[in-house]
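Before any comments, here is the structure.
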Protein chains: 2
Amino acid sequence: MKPLTEKQQEILKYIESRLEENDSPSQREIAAHFGLAQNSVYQLVSYLKKKGYLDDSSIHRGLKLSKEYLDQTKKSGYLPVIGRVAAGLPILAQENIQEYIDVGQTFGRTSDSFILKVAGDSMIDEGIMDGDFVVVRKDSEIPNGQIGVVLINDEATVKKVYIHKNRIALEPANKAGGYKTIYIKNINEDVQIVGRVTGCFRKL
Amino acid sequence: MKPLTEKQQEILKYIESRLEENDSPSQREIAAHFGLAQNSVYQLVSYLKKKGYLDDSSIHRGLKLSKEYLDQTKKSGYLPVIGRVAAGLPILAQENIQEYIDVGQTFGRTSDSFILKVAGDSMIDEGIMDGDFVVVRKDSEIPNGQIGVVLINDEATVKKVYIHKNRIALEPANKAGGYKTIYIKNINEDVQIVGRVTGCFRKL
DNA sequence: ATAGTATATTGTCAATTGACCATACAGCAC
DNA sequence: GTGCTGTATGGTCAATTGACAATATACTAT
């Protein structure tokens with residue numbers, strides 16, 4: 001599946017969000033939403049169809065996500081819960097999966113997300129407590145200062161992440177706890193940026 | 001909600017099944033499917049709108065299930081999100097429902113649960129922050145000291161709840177914030193125990 | 001330089017579509 | 001009987017809509 005440009009992604013996401021509410025937008029509505037001419041949308045939609053993200057329905061007000069795309073982004077809602085990360089294995093390896101939790105559509109796309117059980121209280125000021133579950137979107141970019149998961153020596157760490165060139169700062173969120181920011185000079189084999197935390201939940 | 005005739009039900013179910021696949025049918029398509037004239041469908045759809053099962057969107061190819069109906073059929077993990085609680089209305093009244101969120105099976109049984117958006121930081125020590133969503137199980141007993149929702153003068157309050165006979169204590173969880181425990185002597189019309197908080201989540 | 005891709009505009013058009021009218025008939029309540 | 005509801009048909013129409021042409025600009029790759 002060919003990659004999309006920023007604009008195309010923007011349009012696709014908007015369409016997706018509208019469709020989630022069973023509300024198929026017309027090209028003119030999309031155009032109005034982005035401040036574009038209808039035919040710019042027509043063009044962009046054409047690209048999305050050509051690249052296989054939308055099905056060619058040619059029905060009025062009949063935009064549909066393509067099977068291929070739906071398949072890829074699979075919306076089951078069942079996410080694997082990762083326990084201890086076994087040395088040397090990819091994080092989503094069967095061996096690491098403890099159970100599955102059905103989170104529905106609460107946290108958006110689920111195809112590349114998984115759940116991590118939080119240990120420790122280093123992020124308590126962000127409302128992430130010991131025993132909470134965080135939803136992680138794999139390989140998602142982490143905007144500076146947002147919460148992400150980084151794998152250091154097969155240990156998964158949830159922290160506020162700041163990336164500058166090849167350096168990483170992992171900042172805890174617990175003023176009272178005396179935790180210190182971790183600085184990493186080089187991203188190497190032992191340090192892996194896993195993804196962005198897209199949600200947090202706990203059962204009571 | 002007025003009852004439907006057989007034919008009307010048939011049409012509604014067909015529309016529902018099509019919408020589930022993000023494929024809004026036109027009246028002509030429905031007509032073709034049932035071997036009817038377009039205007040028979042127009043009539044039937046009019047009835048469905050009049051009886052409150054469909055929303056009156058008047059957009060081309062814009063059939064939508066009504067909020068009311070979605071509420072009644074309570075699908076799987078779709079929970080209503082309660083906004084401001086309108087005075088005098090039951091908490092789950094249509095007027096209070098802002099949207100629906102699909103939480104899957106994360107927080108257990110869903111038939112009698114709903115979601116409340118938290119305002120304020122009075123429960124921050126329990127990891128419930130301003131803007132978080134809490135899942136509330138209606139009419140569920142609240143074991144002493146557990147987090148529950150109490151309605152006081154049409155204001156929903158999330159607090160640790162202690163009940164002793166006819167007295168209630170609502171204890172905040174924010175040492176720093178200077179919140180005080182609320183004591184209520186009598187459970188009366190203005191004070192309603194809504195239910196237990198069975199979960200908390202936030203989108204990041 | 002040249003070609004291709006991506007984005008954007010204005011204008012036009014035919015197909016799709018919901019709405020509405022007139023009409024008809026069957027069942028039911030009063 | 002009379003009126004109401006529900007179902008059904010055919011015909012018509014204006015609004016909505018996707019498609020497409022002609023054109024322009026910016027960027028990238030060759």
Side-chain angles (χ1 to χ4, degrees), chain A residues 1-70 141, chain B residues 1-69:
Chain A
M1 227 154 154
K2 284 182 187 172
L4 295 179
T5 65
E6 254 187 58
K7 199 80 194 180
Q8 288 163 4
Q9 270 185 52
E10 215 180 339
I11 302 285
L12 179 62
K13 278 187 183 172
Y14 179 68
I15 292 173
E16 219 178 331
S17 72
R18 288 287 298 269
L19 287 180
E20 262 171 37
E21 299 179 16
N22 274 325
D23 187 12
S24 181
S26 70
Q27 291 182 358
R28 280 171 173 83
E29 279 174 356
I30 303 172
H33 181 261
F34 289 101
L36 295 172
Q38 175 247 316
N39 286 323
S40 303
V41 175
Y42 174 67
Q43 280 281 12
L44 291 163
V45 166
S46 298
Y47 277 116
L48 289 172
K49 285 181 183 174
K50 209 194 297 176
K51 292 186 177 178
Y53 291 81
L54 297 177
D55 268 350
D56 190 26
S57 75
S58 101
I59 283 171
H60 288 214
R61 204 179 258 275
L63 288 173
K64 286 183 76 174
L65 301 177
S66 73
K67 267 192 185 177
E68 199 183 351
Y69 179 62
L70 280 173
E141 269 190 35
Chain B
M1 227 154 153
K2 284 183 186 172
L4 295 179
T5 65
E6 254 187 57
K7 200 79 193 184
Q8 288 163 5
Q9 271 184 52
E10 215 180 339
I11 302 285
L12 179 61
K13 279 188 182 172
Y14 179 67
I15 292 173
E16 220 179 330
S17 71
R18 289 285 299 271
L19 287 181
E20 262 170 35
E21 300 178 17
N22 273 326
D23 187 12
S24 181
S26 71
Q27 292 182 357
R28 281 172 172 83
E29 279 174 357
I30 302 172
H33 182 261
F34 289 101
L36 295 172
Q38 177 246 317
N39 286 322
S40 304
V41 175
Y42 174 67
Q43 279 281 11
L44 290 163
V45 165
S46 297
Y47 277 116
L48 288 173
K49 285 182 183 173
K50 208 193 299 177
K51 292 185 178 179
Y53 292 81
L54 297 177
D55 269 350
D56 190 24
S57 76
S58 102
I59 284 168
H60 287 213
R61 207 177 258 277
L63 288 173
K64 286 183 79 172
L65 301 177
S66 72
K67 261 194 185 182
E68 201 183 349
Y69 179 61

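Note that these values count all heavy atoms, side chains included, but never hydrogens, waters or copies made by symmetry. As the structure is a prediction and not an experimental result, all values here were calculated from the model. Chain identifiers are assigned alphabetically (A, B, ...) following the order of the sequence lines, protein sequences preceding nucleic acid strands; residue numbering begins at 1 within each chain.
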(request) Could you check how far CD of A/E10 sits from P of C/dT7, rounded to whole Å? (result) 10 Å
(request) Establish, with yes or no, whether the OP1 or OP2 oxygen of C/dT9 is under 4.0 angstrom from a side-chain nitrogen or oxygen of A/S40. (result) yes
(request) Sequence neighbours left out, what passes side-chain hydrogen bond (donor to acceptor under 3.5 Å, both in side chains) with A/Q43? Give chain and number order. (result) none
(message) How would you summarise protein contacts on nucleotides 14-26 of chain C per nucleotide, using B for base, S for sugar-phosphate only and - for none, with heavy-atom distances below 4.0 Å?
(response) -BSBBBB------
(request) Could I get the full list of side-chain hydrogen bond (donor to acceptor under 3.5 Å, both in side chains) partners for B/K64, not counting sequence neighbours? (result) none
(message) For a quick check of understanding: with a heavy-atom distance under 4.0 Å over all strands, which category does A/T5 fall into, base, sugar-phosphate or nothing?
(response) sugar-phosphate
(message) Per the salt bridge (Lys or Arg N to Asp or Glu O under 4.0 Å) rule, what does the pair list look like for residues 37-49 of chain A, sequence neighbours excluded?
(response) A/K49-A/D56
(request) For B/I30 and D/dT7, give me the distance from atom CD1 to atom C1', rounded to whole Å. (result) 16 Å
(request) Give the rounded distance in Å between these two atoms: CG of B/L48 and P of D/dT7. (result) 9 Å
(message) Suppose we screen for salt bridge (Lys or Arg N to Asp or Glu O under 4.0 Å). Which residues come up paired with B/D55, at least two apart in sequence or across chains?
(response) none
(message) Can you measure B/Q9 atom CD to D/dG6 atom P for me and round it to whole angstrom units?
(response) 13 Å
(message) OP1 or OP2 of C/dT5 versus the side-chain N and O atoms of A/K50: is any pair under 4.0 Å?
(response) no
(request) Would you indicate, yes or no, if C/dT5 has its OP1 or OP2 atom less than 4.0 angstrom from a side-chain nitrogen or oxygen of A/K51? (result) no
(message) Can you measure A/L44 atom CG to D/dC20 atom P for me and round it to whole angstrom units?
(response) 16 Å
(message) Restricting to ring pair (Phe, Tyr, Trp, His ring centres under 6.0 Å), what partner residues turn up for A/Y14, sequence neighbours left out?
(response) A/H33, A/F34
(message) Is it the case that the side chain of B/R61 and the backbone of A/G62 share a donor-acceptor pair, with hydrogens and angles ignored and the cut-off at 3.5 Å?
(response) no
(message) If you compare every side-chain N and O of A/Y47 against the phosphate oxygens of C/dA6 (OP1, OP2), does one of them come in below 4.0 Å?
(response) yes
